[in-house]
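Note: hydrogens, waters and symmetry copies are ignored here, and every other heavy atom, side chains too, is used. The shown structure was predicted, so the numbers you read here are calculated from the model rather than taken from an experiment.
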Amino acid sequence: MDEVPMIQLLNPEGERVSNSEYESSLTPSEILGLYRDMAIIRRLCNEATSLQRQGQLALWAPVQGQEAAQIGAGHALAANDFSFPSYREHGIAWKRGVPPLDWLRLFRGVTMGGWDPVKYRHSNPTIVIGNQALNAVGYAMGIQRDAADEAVMTFFGDGGSSQGDIHEACVFAGVFNAPVVFFIQNNHWAISEPTIRQTRIPLFHRASGYGFPGVRVDGNDVLAVYEVTKRALDNARSGNGPSLIEAFTYRMGAHTTSDDPTRYRLEAELETWRLRDPLERVKSYLVRSHNEQQSTFDDIAAEADQMALDLREGLLSLPDPAPLSMFDHVYAEPHPFIEAGRRELIDLGFGGDA
Amino acid sequence: MDEVPMIQLLNPEGERVSNSEYESSLTPSEILGLYRDMAIIRRLCNEATSLQRQGQLALWAPVQGQEAAQIGAGHALAANDFSFPSYREHGIAWKRGVPPLDWLRLFRGVTMGGWDPVKYRHSNPTIVIGNQALNAVGYAMGIQRDAADEAVMTFFGDGGSSQGDIHEACVFAGVFNAPVVFFIQNNHWAISEPTIRQTRIPLFHRASGYGFPGVRVDGNDVLAVYEVTKRALDNARSGNGPSLIEAFTYRMGAHTTSDDPTRYRLEAELETWRLRDPLERVKSYLVRSHNEQQSTFDDIAAEADQMALDLREGLLSLPDPAPLSMFDHVYAEPHPFIEAGRRELIDLGFGGDA
Amino acid sequence: MTTENLTMAKAINEGLRGAMEKDSKVMLIGEDIGKLGGVFRVTDGLQKDFGELRVVDAPLAESGIVGAAVGLAMRGYRPVCEIQFDGFVYPAFDQIVSQVAKQHARSGGVYKMALVIRIPFEGGIGAIEHHSESPESYFAHTAGLRVYSPTNAYDAYWMIQEAIASDDPVIFCEPKSRYWEKAEVDRETPARPATEAQIRRAGSDVTVVTYGASVKTCLRAAQAAEGEGRQLEVIDLRSISPVDYPTLAASVEKTGRVIVVSEAPPVASVAGDIAATLSEMCFYSLRAPIVRVSGYHVPYPPSRIEEEYLPNVDRILDAVDRVMEFES
Amino acid sequence: MTTENLTMAKAINEGLRGAMEKDSKVMLIGEDIGKLGGVFRVTDGLQKDFGELRVVDAPLAESGIVGAAVGLAMRGYRPVCEIQFDGFVYPAFDQIVSQVAKQHARSGGVYKMALVIRIPFEGGIGAIEHHSESPESYFAHTAGLRVYSPTNAYDAYWMIQEAIASDDPVIFCEPKSRYWEKAEVDRETPARPATEAQIRRAGSDVTVVTYGASVKTCLRAAQAAEGEGRQLEVIDLRSISPVDYPTLAASVEKTGRVIVVSEAPPVASVAGDIAATLSEMCFYSLRAPIVRVSGYHVPYPPSRIEEEYLPNVDRILDAVDRVMEFES
Ligand SMILES: Cc1ncc(C[n+]2csc(CCOP(=O)(O)OP(=O)(O)O)c2C)c(N)n1
Ligand SMILES: Cc1ncc(C[n+]2csc(CCOP(=O)(O)OP(=O)(O)O)c2C)c(N)n1
Ligand SMILES: [Mg+2]
Ligand SMILES: [Mg+2]
């Protein structure tokens with residue numbers, strides 16, 4: 001399944017390669033911007049992992065290895081578009097402007113969500129695999145009714161592709177020609193299960209069963225991911241309907257901080273993918289082809305370090321929610337069972353000051 | 001979607017046509033046998049419809065128009081194979097040897113099932129659309145574990161193809177290379193919804209997303225359906241894995257006796273499909289090419305009439321179940337809540353003689 | 001006062017129409033709800049009048065219908081989903097429990113899940129399997145949802161509009177065996193809020209708490225009981241979740257005896273919850289244990305024996321006898 | 001007597017191994033149960049020893065896992081499904097309610113649905129959303145299913161084998177917060193049948209009915225109450241459906257006071273059902289209303305405030321105070 005051709009514009013060595021269908025439209029400075037994005041989320045993700053190790057987060061789902069897939073796709077989203085993530089899309093959250101501290105709230109256990117989804121046009125993480133794809137299609141049907149110049153993108157994994165909800169999302173999208181892009185990050189693993197447990201042929205072929213385009217892109221090539229996603233979103237916005245992108249990438253870290261990948265995968269595989277690192281190739285390209293100086297990269301690293309520090313500080317000063325807040329938004333309208341629960345908690349003396 | 005080429009061996013005019021991939025292997029007398037099957041189920045189905053009109057059945061789901069799809073597919077099943085129907089597969093039940101009276105029990109309201117599924121190797125009707133496909137795949141996984149020379153076939157409709165369970169069934173079948181054939185009767189309607197409400201491209205393409213063969217066959221051509229299905233089942237039995245068949249056919253009657261198709265479809269469409277009648281073309285073929293006499297067909301009609309009479313008689317003398325039977329097979333092992341319910345019914349005097 | 005004699009099915013149809021006229025964000029999605037008008041004709045004529053964008057014939061996929069409705073609600077629409085029959089809601093269960101019920105809380109109140117899921121429910125119509133179930137307890141158990149059930153045309157007309165106007169998700173359970181019963185519908189005087197239970201018949205001896213199709217059966221039983229000199233107070237819940245306990249408790253304080261009647265299987269059910277809660281609330285007032293009359297702990301049986309499964313007048317009267325036997 | 005000190009997770013692992021050794025038709029199917037041994041390591045080592053045909057890493061699709069298990073059961077296999085966390089069972093809900101629970105009845109008893117669905121359930125482990133839910137009431141409400149829950153390693157070892165040997169489908173709820181607690185496991189003396197509730201601590205003042213993770217909490221509360229001179233009788237249900245009412249009622253006849261404790265949200269729950277049924281069965285013996293201590297009618301909250309959501313010792317003692325206040 002690895003031998004299938006995929007869209008690539010920048011090879012692992014950092015050399016621009018040409019593709020018959022796609023051309024890179026990004027300027028060197030834009031490419032440097034994408035590098036910065038990737039470097040920052042990698043750094044913040046490392047910080048989150050160490051915060052988890054230190055007991056400050058209940059869990060963390062690292063993004064390492066998938067930075068190009070997420071930053072490329074996230075960069076292609078227009079301000080008015082809307083995105084529906086799974087739980088690992090920190091790179092998309094970053095591109096949508098969600099403050100990094102907000103990514104961590106869920107994993108610290110202080111919220112079920114983390115940010116205002118309407119403000120950032122980026123929905124809260126969806127943990128039940130596959131659910132968000134249907135919600136995304138429904139949202140896209142709303143766009144059609146509003147005749148708005150917007151598109152939706154939804155994210156799921158190679159594992160998620162097996163869920164019934166993903167199928168129904170594709171059926172609805174095809175039937176209604178909804179402006180939605182299904183973005184699969186095929187990172188080769190669903191926890192301990194390799195992709196052959198989900199499919200015996202490449203996943204992008206799924207699209208052909210529904211009558212819309214499917215494409216595999218080198219998910220570690222931010223230039224390619226950006227162009228492929230941008231075209232898909234443009235198509236959606238201009239009434240050409242849904243499409244599916246399989247970003248071929250790799251989860252370099254553990255599934256989550258609770259996971260022990262040494263139980264199920266070999267070091268050799270990691271080694272192969274280290275050579276395809278999404279950041280290194282951009283750096284090589286910028287250095288070799290655009291004479292970018294090391295200091296630029298050092299500055300970015302320093303900036304990322306500072307953000308990591310801020311993140312840590314922010315997290316450590318994050319207050320626990322008031323126990324009574326569990327009753328706050330269960331219903332939008334008054335509800336006697338909620339009132340009774342609130343009273344009980346107060347009577348028990350667990351209500352805090354309220 | 002109608003313009004897609006499909007496997008055909010006998011055209012609507014009753015002329016044998018050649019196909020590059022399939023050849024008919026049936027003798028004239030076998031073909032006559034299939035005609036007889038189709039004539040019988042059509043006649044029995046008419047009888048059931050009139051029994052429903054007379055208040056003897058709560059509901060009936062007519063098979064008219066789909067006789068070739070079902071008899072062709074049912075004929076291809078080997079004795080040891082296992083089939084998982086939806087609710088309209090009276091023709092499959094016939095080929096599996098299920099007594100016609102047993103098809104009616106569910107629709108009379110005296111049972112949730114109707115026959116011994118193991119005895120006939122034909123599961124009870126599944127009404128929740130899509131469920132049976134997953135059960136079929138599980139059964140096929142059992143065949144693999146038993147290293148048995150058997151295959152499974154499961155039936156669903158154009159509407160059913162949209163359900164998440166169908167997708168998951170295809171995913172499992174592909175991943176495990178299960179010996180299962182997915183047989184879609186695309187009869188153009190899911191109650192009032194035309195097939196464009198389920199897909200914008202022909203349904204057989206779905207298979208390509210899972211990495212197994214999919215084919216469209218003229219579902220009104222019993223010769224073609226038989227050959228296509230036989231090959232698919234042979235493939236499954238010999239370890240070549242799953243496949244999908246889209247039998248392109250038409251539901252000539254109402255969805256069920258509760259339905260009023262004049263609300264949503266045009267007479268002209270029915271007219272088109274009347275010209276493609278699955279029985280007429282076989283009759284023409286046998287008369288023209290094999291000099292079959294009208295008396296043969298008259299005999300079959302008489303035989304079918306007699307069976308219809310028997311069916312009617314059987315139904316009218318079918319006793320209602322004892323009220324206490326509702327407790328009979330809820331659990332296989334003793335259960336206090338069941339005992340309590342039984343006692344209550346008896347105490348209330350509703351228990352009959354028991 | 002403009003009243004009209006309508007069936008409950010037609011009253012819901014008119015209620016949907018009213019809601020769609022009032023608010024352009026209201027839309028319908030379901031199977032066969034367009035040209036066919038739904039298998040019960042509850043949406044009859046609405047696609048013709050409001051177009052295919054507002055009355056959507058969906059692919060045959062319930063998780064899809066509800067999941068898409070969640071997305072539409074996120075965009076500010078007010079989708080009303082139709083599930084064709086009770087037994088077909090389960091493919092959508094995950095979306096209902098994990099998304100519909102929780103998106104409001106998850107988003108910190110930002111997303112309003114202002115959607116309605118209409119389900120023709122309960123049995124008694126001679127149908128085959130999966131067409132006569134009572135899934136309301138599953139939804140009542142699920143925090144984040146409301147569960148309403150109208151039992152006459154007048155209530156139905158107003159309650160469906162109230163459900164659509166609500167910013168909370170409402171599972172709207174329509175007792176299908178009552179679709180064709182007629183009642184006067186007053187289009188100017190709104191019914192009382194859905195969350196208020198309603199005493200359908202006053203009585204001093206036994207409080208009969210019920211909802212759905214059983215309301216009518218209980219009223220028949222009350223009439224029969226009157227012949228024996230027993231006055232049953234029949235209360236129609238209207239909102240199955242939350243339950244209007246103040247109204248129930250006030251009645252129990254008066255009667256001291258309670259039976260709870262519904263078609264659902266009894267274990268971990270709404271009826272059990274009401275019995276437990278009233279037993280706790282009215283401990284000193286109860287003169288007899290609370291008796292439940294319900295379906296049995298079996299799958300809904302074949303229709304030829306559904307009469308014996310359902311709470312019928314005999315079973316209700318038997319329960320009345322049992323609670324009256326107790327001295328206090 | 002050969003006993004061994006095992007964690008509950010390990011005891012289930014050993015129970016699975018025992019069942020697989022005894023009957024070649026027993027097989028496991030689930031996500032990550034092979035090489036990884038499951039996210040809780042309950043199936044650790046089993047794929048290595050029994051092979052990939054008997055320990056199946058399934059595609060990430062719960063309806064598929066359960067639906068395939070139904071087909072395997074039809075073929076005579078005895079599949080044990082693992083659902084990774086409670087909140088992920090809902091995609092399989094339709095298959096569970098419509099097929100697992102009903103195939104035995106539908107086939108007139110021909111098909112044995114001899115399958116087990118293992119679900120690590122309940123909270124208290126500091127997890128994120130969907131990882132701490134208590135779905136057992138949905139299954140208890142569903143006729144055709146049994147619901148078992150072990151609370152210690154010894155029971156777990158035997159009850160999993162009993163569930164697998166049962167010809168009925170069993171939803172096997174494993175209180176995940178207790179996975180790592182150790183107990184002596186006697187591999188020769190079977191635990192009592194799962195359908196029998198067990199008095200974990202005898203007492204004369206209040207009957208405490210509970211199951212799952214709350215059993216331990218209740219025992220702690222009982223210890224604390226003893227300090228105040230109150231004797232709690234703590235009963236572990238073991239089988240959540242059916243409930244062993246004779247054992248419960250006998251205790252209530254003795255104590256006259258009952259509290260029911262579980263983590264699940266209260267409405268239309270197992271706890272409510274038990275309160276309603278005991279209120280009815282033991283009407284004359286009850287000296288106080290039955291009080292429930294449970295989760296609240298809210299989605300399981302963020303883990304930083306789960307302590308306040310869960311039934312804890314304080315809440316249980318508060319309930320004890322309330323039932324002791326009543327005079328009879
Ligand atoms: C319905 C459901 N089942 C199981 C899980 C547990 N689970 C969480 S992540 C995961 C694997 C997901 O793999 P994939 O879709 O490839 O995404 P990735 O983690 O690789 O980004 C599983 C099984 C879940 N969250 N939801
Ligand atoms: C899950 C589910 N949803 C809805 C229904 C109601 N229903 C019964 S048949 C049917 C249409 C089925 O169409 P199709 O799959 O094309 O089969 P056909 O009836 O044409 O043979 C519908 C919507 C059902 N039985 N199950
Ligand atoms: Mg993955
Ligand atoms: Mg059809």
*What are the two closest heavy atoms between D:Arg106 and B:Pro125, and how far apart are they?*
CD-O, 4.0 Å
_Treating B:His329 as the side-chain partner and D:Gly108 as the backbone partner, does any N or O pair qualify as donor plus acceptor under 3.5 Å?_
yes
*Of all heavy-atom pairs between B:Val171 and D:Pro59, which one has the smallest distance, and what is that distance?*
CG1-CB, 3.7 Å
*B:Glu150 versus chain D, heavy atoms under 4.5 Å apart: side chain, backbone, both or neither?*
side chain
*Segment of D:Ala69 engaging chain B (4.5 angstrom heavy-atom cut-off)*: neither
*asked:* Rounded at 0.5 Å granularity, tell me how far NE2 in B:His335 sits from OG in D:Ser241.
replied: 5.0 Å
*Measure the spacing between CG of B:Leu134 and CD of D:Gln95 and express it to the nearest 0.5 Å.*
5.5 Å
_Checking the side chain of D:Asp168 only, and the main-chain atoms of B:Glu333 only, is there a donor and an acceptor separated by less than 3.5 Å?_
yes
_Gap separating the OG atom of D:Ser63 from the CG atom of B:Asn131, nearest 0.5 angstrom_ = 7.0 Å
*Using non-hydrogen atoms and a 4.5 Å limit, figure out which bit of D:Ala58 sits close to chain B: side chain, backbone, both or neither.*
both
_Need one label for D:Leu145: side chain, backbone, both or neither, based on atoms under 4.5 Å from any heavy atom in chain B._
backbone
*Taking all non-hydrogen atoms of both residues into account, name the closest pair between D:Glu52 and B:Arg145 and its distance.*
O-NH2, 4.2 Å
*What part of B:Ser123 gets closer than 4.5 Å to chain D, counting heavy atoms only: side chain, backbone, both or neither?*
both
*So how far is it from D:Arg75 CZ to B:Phe82 CZ, rounded to the nearest 0.5 Å?*
9.0 Å
*chain B contact via D:Met27 - which portion, at a heavy-atom distance below 4.5 Å*: side chain
*Name the region of D:Thr195, side chain, backbone, both or neither, that has any atom closer than 4.5 Å to a heavy atom of chain B.*
neither
_Proximity breakdown for B:Pro321 and chain D, heavy-atom pairs closer than 4.5 Å_ = neither
*asked:* Less than 4.5 Å to any heavy atom of chain B: does that hold for the side chain of D:Val56, its backbone, both, or neither?
replied: side chain
*From B:Phe172 CZ over to D:Ile65 CD1, what is the distance, rounded to the nearest 0.5 angstrom?*
5.0 Å
*Judged by atom type as modelled, is there a donor-acceptor pair below 3.5 Å linking the side chain of B:Tyr139 to the main-chain atoms of D:Ala73?*
no
